[in-house]
Structure formats: C-alpha cells, structure tokens
Amino acid sequence: MVRAPRPEGVVTRGTTGINRLRRSDRWAVHHPDIVRLLRSAPDPLVVDLGYGAMPVTTLELASRLRTVRPDLRMVGLEIDPERVVPGRDGVRFARGGFELAGLRPVLVRAFNVLRQYPEDAVAPVWERLRSGLAPGGLLVDGTCDELGRRCAWVLLDRDGPRSLTLAWSPFHIETPSDLAERLPKALIHRNVPGERIHDLLQAADRAWATAAPHAAFGPRIRWRATLDLLRAQGVPIAPQRRRLRDCVLTVPWDAVAPA
C-alpha cells in the first residue's frame with residue numbers, strides 16, 4: 001500500500017461561505033488559457049486547496065468548471081483532518097497541503113491560504129505547488145474578503161507568476177485602491193511608494209476620479225471609462241473577452257512585481 005505524502009503547511013482559520021469565490025469562478029470559466037487547458041487535458045483533474053470549514057466553494061467551483069469540461073474531476077484538499085468530509089456531487093475530499101496529496105492536477109486553486117503565512121514563505125510555496133502541476137498546468141493563488149466583494153489573485157504556471165487580477169463588486173467600493181487590503185500575500189506589504197503595485201493602484205484611483213462624470217450611468221460604465229483612460233496612459237491591461245458584471249483589472253505580473 002502506497003502512503004499519501006505527509007501534508008505540508010499549517011492549519012488556517014477555515015473561514016468560508018456560500019458564493020464567496022464567485023468572482024474568481026466567473027473569471028476562470030471564461031479565461032482562454034484555463035478553458036483551453038481543461039478542454040485539452042487527458043485527465044482534467046482540478047484541486048481546490050484549503051477549502052476551509054465547509055466544502056461549499058469547492059462544490060461551486062466544480063459545478064462552474066463543468067460547464068467547460070463536463071467530465072472534470074475535482075478534489076478538495078484540507079490539511080485539517082477534521083474538515084475532511086465525505087464526497088458528494090462527484091467531488092472527492094481528502095487531507096492534503098502544499099504537496100497536493102501526491103496528485104498531479106492541471107489546475108490548482110488556493111484561496112485565502114497564504115494570507116496567514118509570512119511574506120517570505122510565498123516564493124517557496126509557489127514553487128512547491130507549481131512543481132506538483134501536470135504538464136501545462138496552472139495555479140491560482142488568491143485572497144478575498146469575507147463576502148467575496150473584494151478579490152485579488154495571481155495566475156501562475158510552471159515558470160512562475162503570469163498575471164494579477166483585481167475584481168470587486170461595482171456597488172461596494174469607493175476607489176480601486178480599496179482593494180489594497182485584499183492583495184495576495186506576495187503584494188499586500190508592497191503597496192508603498194516606489195513599488196509597482198502602488199503605482200498601479202494610484203493610477204487607477206486617478207482615472208476613476210477623472211471618469212466621475214460617467215457615474216450617472218452606474219459604476220460599471222464608469223469603470224469601463226476608467227479602463228479606457230488607463231489604457232491610454234500605457235497601462236498594460238489585459239483585454240476583457242466579455243462584458244462583466246464585476247469591475248475587473250488584469251495586468252501582467254511584471255507590471256506589479258515587487259521592486
């Protein structure tokens with residue numbers, strides 16, 4: 001009998017809630033690289049790492065990703081054995097940490113996991129998780145608030161981080177820089193003058209203020225005008241491939257990487 005690898009990591013608070021990760025789920029099912037990866041994978045295995053005290057967000061992710069790949073296999077991993085629950089709705093739950101329980105998934109989501117670690121732990125954990133991916137696999141490391149209204153995540157592949165995405169409810173934020181408190185651990189301490197993430201957030205705030213006349217048409221219209229202003233200023237914003245209900249800002253990692 002082959003034993004599963006010893007779980008790597010520490011137990012987190014386990015806070016979770018229904019639909020808390022809906023914004024990243026919506027992004028994932030429309031991201032061209034994720035869609036392409038899932039549709040072409042011989043074994044479409046996805047791991048949701050650190051799902052918390054309840055498995056609801058793992059079940060939601062499985063349901064949404066199955067609109068892309070109906071035969072997708074989903075495994076939720078938790079390092080706390082007391083949180084491991086029986087499988088349901090075609091989703092399996094098991095004990096595991098950064099070693100991914102020896103699995104080789106094509107996609108890993110780790111939300112609100114690294115937030116409770118020191119900043120210098122991020123690079124080694126990223127490397128550990130990336131080493132466990134199947135060929136061509138992707139990793140999403142993110143953070144959000146308790147209700148999922150403010151979210152940020154990094155997309156990584158085997159070579160390292162590729163992009164940063166900020167997403168938030170159009171109706172529950174005053175300025176884009178309010179997202180600073182929910183930046184991923186790799187960036188949350190870097191929102192200071194001289195750092196690229198600080199420059200990006202300040203530029204977004206200025207463009208948001210300039211776009212204030214569009215507020216009469218609603219925050220979504222105002223945010224689209226803000227994006228146009230940022231692009232005109234040379235900010236390398238990734239194109240949106242559909243009209244989104246969320247305010248979303250995605251930039252290449254090198255536009256925000258720590259100095």
Side-chain angles (χ1 to χ4, degrees), residues 6-16 20-21 23-24 27-28 47-53 57 77-80 96-100 107-133 137-168 173 175-205 235-236 238 248-259:
R6 181 181 178 85
E8 299 175 14
V10 298
V11 176
T12 60
R13 289 190 296 270
T15 306
T16 189
R20 187 184 185 192
L21 304 183
R23 301 186 198 284
S24 65
W27 166 86
V47 165
D48 188 23
L49 179 63
Y51 55 81
T57 52
L77 295 180
E78 248 299 332
I79 197 168
D80 184 349
F98 300 137
E99 83 301 330
L100 301 178
L107 178 65
V108 174
R109 179 180 73 177
F111 244 81
N112 300 308
V113 174
L114 288 179
R115 185 173 179 81
Q116 298 170 55
Y117 283 75
E119 184 181 2
D120 59 8
V122 173
V125 170
W126 277 358
E127 183 175 1
R128 183 71 174 104
L129 290 171
R130 285 160 39 219
S131 70
L133 294 172
L138 296 171
L139 163 66
V140 180
D141 168 30
T143 306
C144 69
D145 66 5
E146 286 73 12
L147 296 178
R149 290 173 175 172
R150 304 179 183 189
C151 312
W153 56 85
V154 180
L155 177 66
L156 306 95
D157 59 20
R158 289 293 292 267
D159 296 323
R162 291 173 46 175
S163 64
L164 170 73
T165 297
L166 308 177
W168 63 94
I173 195 168
T175 63
S177 63
D178 290 348
L179 266 290
E181 66 183 27
R182 294 296 167 177
L183 288 171
K185 177 59 72 170
L187 295 174
I188 195 167
H189 302 299
R190 301 289 180 157
N191 185 32
V192 294
E195 292 282 353
R196 297 180 184 93
I197 183 61
H198 181 267
D199 293 343
L200 176 65
L201 291 175
Q202 292 302 303
D205 279 358
V235 178
V248 177
L249 173 62
T250 298
V251 295
W253 179 251
D254 59 11
V256 294

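The model shown is predicted, which means the values in this text are computed figures rather than measured ones.
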Results of salt bridge (Lys or Arg N to Asp or Glu O under 4.0 Å) for [X] - residues two or more places apart only:
| X | answer |
| --- | --- |
| Arg190 | Glu119, Glu195 |
| Asp141 | none |
| Glu8 | Arg128 |

Is [X] reaching over with its side chain to a backbone N or O of [Y], donor-acceptor style, under 3.5 angstrom?
| X | Y | value |
| --- | --- | --- |
| Glu78 | Gly96 | no |
| Asp48 | Tyr51 | no |
| Arg196 | Val256 | no |

Between [X] and [Y], which heavy-atom pair has the shortest distance, and what is it?
| X | Y | value |
| --- | --- | --- |
| Pro236 | Pro252 | O-CD, 3.0 Å |
| Val108 | Leu100 | CG2-CD1, 4.0 Å |
| Thr57 | Arg109 | O-NH2, 3.1 Å |
| Cys151 | Arg23 | SG-CD, 4.0 Å |
| Val113 | Gly50 | CG2-CA, 4.1 Å |
| Leu183 | Arg115 | O-NH1, 4.2 Å |

Measuring only between side-chain heavy atoms, which start at C-beta, is [X] closer than 4.5 Å to [Y]?
| X | Y | result |
| --- | --- | --- |
| Pro258 | Leu187 | yes |
| Leu179 | Trp168 | yes |
| Tyr117 | Val122 | no |
| Leu21 | Cys144 | yes |
| Asn191 | Leu201 | yes |
| Leu147 | Arg20 | no |
| Val125 | Leu129 | yes |

Exercise for review: Take Leu164 and Trp153 through the side chain to side chain contact (heavy atoms under 4.5 Å, CB included) test and state the conclusion after the steps.
Suggested key: CA-CA 6 Å; Leu164 170 73; Trp153 56 85; over 6 Å; no

Point to revise | side chain to side chain contact (heavy atoms under 4.5 Å, CB included) assessment of Arg150 paired with Glu181 | key: CA-CA 9 Å; Arg150 304 179 183 189; Glu181 66 183 27; 3.2 Å; yes

**Study point:** Test log, rule side chain to side chain contact (heavy atoms under 4.5 Å, CB included), inputs Leu249 and Val251
**Key:** CA-CA 7 Å; Leu249 173 62; Val251 295; 4.3 Å; yes

Practice item. Just jot down the ring-ring contact (aromatic ring centres under 6.0 Å, His included) partners of Phe111, sequence neighbours excluded, or say none. Key: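 Applying ring-ring contact (aromatic ring centres under 6.0 Å, His included) to Phe111 gives none.
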
Review point. Which residues satisfy the side-chain hydrogen bond (donor to acceptor under 3.5 Å, both in side chains) test with Arg182, sequence neighbours excluded?
Key: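 Listed in chain order: Glu146.
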
Check your understanding: CG/Asp178 to CG/Asp205 distance, rounded to the nearest 0.5 angstrom?
Key ->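 If we round to the nearest 0.5 Å, Asp178:CG and Asp205:CG are 7.5 Å apart.
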
Practice item. Tell me, with the steps shown, if Trp27 and Leu155 meet side chain to side chain contact (heavy atoms under 4.5 Å, CB included). Key: CA-CA 11 Å; Trp27 166 86; Leu155 177 66; 4.1 Å; yes

Check your understanding: With sequence neighbours left out, which residue pairs that include part of residues 250-259 fulfil the side chain to side chain donor-acceptor pair (under 3.5 Å) condition?
Key ->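 Those involving residues 250-259 are Thr165-Thr250.
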
**Study point:** Thr143 and Asn112 side chains, donor-acceptor separation under 3.5 Å
**Key:**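 Distance-only check fails for Asn112 and Thr143.
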
